[in-house]
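Because the structure is predicted, anything quoted here is derived from the model rather than measured. Chain naming here is simple, since letters A, B, ... match the order of the sequence lines and numbering starts at 1 in each.
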There are 2 protein chains.
Amino acid sequence: MTREAYLNAVAACPGHQILDRLGDKWVSLVLKELGGGPRRSGELNRALPGASRKMLTQTLRGLERDGLVVRTTTGGAPSKVEYRLTPLGASLHGVMLEVVGWAENHIAEVDAARSAYDGNC
Amino acid sequence: MTREAYLNAVAACPGHQILDRLGDKWVSLVLKELGGGPRRSGELNRALPGASRKMLTQTLRGLERDGLVVRTTTGGAPSKVEYRLTPLGASLHGVMLEVVGWAENHIAEVDAARSAYDGNC
DNA sequence: CTGGATCCAGCACGATACTG
DNA sequence: CAGTATCGTGCTGGATCCAG
């Protein structure tokens, strides 16, 4: 019970919610893609060959729900749907880029540490 | 095969590796805890009641392997183990704090968006 | 005190087929 | 073209027991 309460507290923590989102496998990729401008659903599918349509939709729904992405439907026979970042989403994208920047600057150290660790056992 | 190749490419991306780490449920909590100074294993267990010892160890091993955390054993009968952040780890901790800061500044907007989304259905 | 090994349940994800 | 529903499965993570 204590555990459950603790877990709830953790889940309610703002930082954790966002960290969770960013950690989500596809969120960062979608954010990155959308950071380059609005995209159609099909374009995202093609740009992210590793993501099943299910996951893509799921991810986009989540982002939409959080107000990070806007979904625009231009209903026609060949339905067209466009996704684009909201200002809020763009802002988060910016933060994400900082993390990515850190990663690129320090990945060498991490790799070195990994090699050392694996080598020494 | 294309998918697999793509997934490998994604996995190899520095940004993704770090994002994955930060997104890991316990990493952020451990980082936060260790950001307050070195901790003994038992202390971490008590500080993070939601984490099973298995996950804690697993998480710490990962961080250690990445050179973000140092594990110091003072072998005695009652073995004592201390974990503390490396400079690299502290650096990542700083980046994480930026994300957390963003989260705290914008969580209200996210919550509002969620309410609106859930309300309209 | 620390942490590895094992067993098992829950769920997250992918594939497929179907609606509009 | 865009999205949903269903089903099967592989992996993640928790509980427990055991060793140093």
Taking ring-ring contact (aromatic ring centres under 6.0 Å, His included) as the test, write out the residues that go with His16(A), two or more places apart. none
The criterion is side-chain hydrogen bond (donor to acceptor under 3.5 Å, both in side chains); which residues satisfy it with Arg53(A), sequence neighbours excluded? none
Distances under 3.5 Å between nitrogen or oxygen atoms of protein and nucleotides 2-6 of chain C:
residue: dT2(C); atom: OP1; partner: Arg40(B); partner atom: NE; Å: 3.4
residue: dT2(C); atom: OP1; partner: Arg40(B); partner atom: NH2; Å: 2.9
residue: dT2(C); atom: OP2; partner: Gly42(B); partner atom: N; Å: 3.0
residue: dG3(C); atom: OP1; partner: Arg71(B); partner atom: NE; Å: 2.8
residue: dG3(C); atom: OP1; partner: Arg71(B); partner atom: NH2; Å: 2.9
residue: dG3(C); atom: OP1; partner: Tyr83(B); partner atom: OH; Å: 2.9
residue: dG3(C); atom: OP2; partner: Ser41(B); partner atom: OG; Å: 3.1
residue: dG3(C); atom: OP2; partner: Tyr83(B); partner atom: OH; Å: 3.2
residue: dG4(C); atom: OP1; partner: Arg61(B); partner atom: NH2; Å: 3.1

Are Val70(A) and Leu85(A) linked, directly or through other ILVMFWY residues, by side chains that come within less than 4.5 angstrom of each other? no
Under the side chain to side chain donor-acceptor pair (under 3.5 Å) rule, what pairs show up with a residue in residues 37-50 of chain A, not counting sequence neighbours? Glu33(A)-Arg39(A)
Return the residues of residues 7-35 of chain A meeting this criterion: a heavy atom under 4.0 Å from some atom of DNA chain D. Order them by number, or give none. none
For Trp26(B), which residues count as a ring-ring contact (aromatic ring centres under 6.0 Å, His included) partner, sequence neighbours excluded? none
For Gln17(B), all residues meeting side-chain hydrogen bond (donor to acceptor under 3.5 Å, both in side chains), sequence neighbours excluded: Arg114(A)
Sorted by chain and number, sequence neighbours left out, side-chain contact (heavy atoms from CB on, under 4.5 Å) with Val99(A) holds for Ile18(B), Leu19(B), Leu22(B), Val95(B), Val99(B)
Under the side-chain contact (heavy atoms from CB on, under 4.5 Å) test, which residues partner Gln58(A), sequence neighbours left out? Lys54(A), Met55(A)
Compute the bend angle of the helix from dC1(C)-dG20(D) to dG20(C)-dC1(D) from the end axes (five pairs per end), rounded to 10°. 40°
Counterpart residues, side-chain hydrogen bond (donor to acceptor under 3.5 Å, both in side chains), relative to Ser91(B) (two or more places apart): Trp102(A)
Tell me: CG of Leu48(B) to P of dG13(D), nearest whole Å? 15 Å
Only counting residues at least two apart or in another chain, list the ones meeting side-chain hydrogen bond (donor to acceptor under 3.5 Å, both in side chains) with Thr72(A). Arg84(A)
